[in-house]
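Structure first, commentary second.
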Amino acid sequence: MAHRYRKILKWTLYSLGLLVVVLLNTVVLGNRTFLGAKLSLVPVYVACVACREGHESGSVFALAAGLLWALSGVEDGAMFVLMLPLAAVIAGYFPATYLTRTLLPALPGCLLALVLCEGGVYLQRLYMDAPLPSNALALLGLQIAFSMITAPLFWWLTRWIGKAGG
């Protein structure tokens, strides 16, 4: 019985962490740019959860996170509903099956999640003939690089939540 409650506590804390990340990404850092690029923190957090919990649980969490992100009204958020679960399956499969669940295997998972999600948004805008700046690929690279800086922080947070939940 105690194991069930610890599991509920763990997923509740993961969900609260997601809400904090969404609020941080939209309210606190919503209008701020770093060298012209905005941060994208949701794919990094979701990839860290998927690397910590495995690809099955991580992909269900990623689907819920993508729906929350899309329903929050973010521009091009619908792409995240498709790409976040895909990224979580790939990012969570290799650490759970072949590697250890540590920070080092989580970093390529975070990078993959960012490339899939933000690259998908870029390709969608390119396909839909939306206005893009002349240096859009450079801004995409900066966005991915700056967002990857937060990966160790989110890994530490998911590791702490995983230990708290047993």
Side-chain angles (χ1 to χ4, degrees), residues 1-26 29 38-72 74-124 127 140-141 143-166:
M1 196 65 140
H3 178 69
R4 177 188 294 169
Y5 292 129
R6 291 185 76 128
K7 200 173 204 178
I8 291 171
L9 173 69
K10 176 175 66 172
W11 287 104
T12 303
L13 289 174
Y14 279 143
S15 300
L16 288 175
L18 176 67
L19 286 176
V20 168
V21 168
V22 167
L23 286 175
L24 181 70
N25 207 15
T26 55
L29 299 173
K38 291 186 176 185
L39 291 180
S40 182
L41 303 178
V42 174
V44 177
Y45 181 73
V46 168
C48 287
V49 171
C51 288
R52 175 80 182 156
E53 296 299 325
H55 61 283
E56 294 170 348
S57 301
S59 63
V60 172
F61 181 76
L63 182 61
L67 286 172
L68 176 74
W69 187 242
L71 292 175
S72 69
V74 175
E75 185 180 356
D76 298 321
M79 183 61 70
F80 283 74
V81 176
L82 298 173
M83 292 299 173
L84 270 180
L86 177 66
V89 166
I90 296 170
Y93 179 74
F94 290 105
T97 307
Y98 300 112
L99 304 169
T100 59
R101 294 180 179 175
T102 58
L103 174 64
L104 197 57
L107 290 177
C110 294
L111 182 65
L112 174 76
L114 280 168
V115 167
L116 280 176
C117 293
E118 296 304 327
V121 168
Y122 172 75
L123 289 176
Q124 178 187 11
Y127 178 73
L140 179 65
Q143 181 180 20
I144 290 171
F146 287 145
S147 298
M148 278 297 293
I149 293 172
T150 62
L153 174 71
F154 289 142
W155 175 255
W156 175 81
L157 177 67
T158 56
R159 185 171 170 242
W160 179 79
I161 290 172
K163 285 184 179 182

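The figures here come from the full heavy-atom set of this structure, side chains too, leaving out hydrogens, waters and symmetry mates.
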**OP:** Any chance you could lay out the side chain to side chain contact (heavy atoms under 4.5 Å, CB included) test for Tyr45 and Thr158, step after step, and finish with the verdict?
**Re:** CA-CA 8 Å; Tyr45 181 73; Thr158 56; 3.9 Å; yes
Subject >> Nearest-0.5 Å distance, CZ of residue Arg52 to CG of residue Leu157 >> reply: 11.0 Å
**OP:** Drop me the distance from His3's NE2 to Arg6's CZ, to the nearest 0.5 angstrom.
**Re:** 9.5 Å
Over all atoms of both residues, closest heavy-atom pair of [X] and [Y]:
X     : Y     : answer
Pro43 : Leu84 : CA-CD2, 3.7 Å
Leu41 : Leu29 : CD1-CD1, 4.2 Å
Gly58 : Ala88 : O-CB, 3.6 Å

**OP:** Could you walk me through whether Leu68 and Leu19 pass the side chain to side chain contact (heavy atoms under 4.5 Å, CB included) test, one step at a time?
**Re:** CA-CA 9 Å; Leu68 176 74; Leu19 286 176; 3.9 Å; yes
**OP:** Give a yes or no answer on whether the side chain of Ser147 reaches the backbone of Ile144 with a donor-acceptor pair at less than 3.5 Å.
**Re:** no
**OP:** Quick one: list whatever passes side-chain contact (heavy atoms from CB on, under 4.5 Å) with Val81, sequence neighbours left out.
**Re:** Leu63, Leu67, Ala70
**OP:** Apply side-chain contact (heavy atoms from CB on, under 4.5 Å) to Ser72 and list each qualifying residue two or more places apart in sequence or on a separate chain.
**Re:** Trp69, Val74
Which side-chain N or O atoms in residues 103-123 pair as donor and acceptor under 3.5 Å with protein atoms at least two apart or in another chain?
from, atom 1, to, atom 2, distance (Å)
Glu118, OE1, Gln143, NE2, 3.3
Glu118, OE2, Ser40, OG, 2.7

Original post:
Would you say Trp156 and Cys48 make side-chain contact, with heavy atoms under 4.5 Å?
Top reply: no
Subject >> Beyond-backbone contact of Val49 with Phe154, side-chain heavy atoms, under 4.5 angstrom >> reply: no
Original post:
Quick check: are there more than 12 heavy atoms from other residues, nucleotides or ligands sitting under 6.0 Å from CD of Gln124?
Top reply: yes
Original post:
What is the ring orientation for Tyr14 with Phe61, classed by angle as parallel under 30°, tilted 30 to 60°, or perpendicular over 60°?
Top reply: tilted
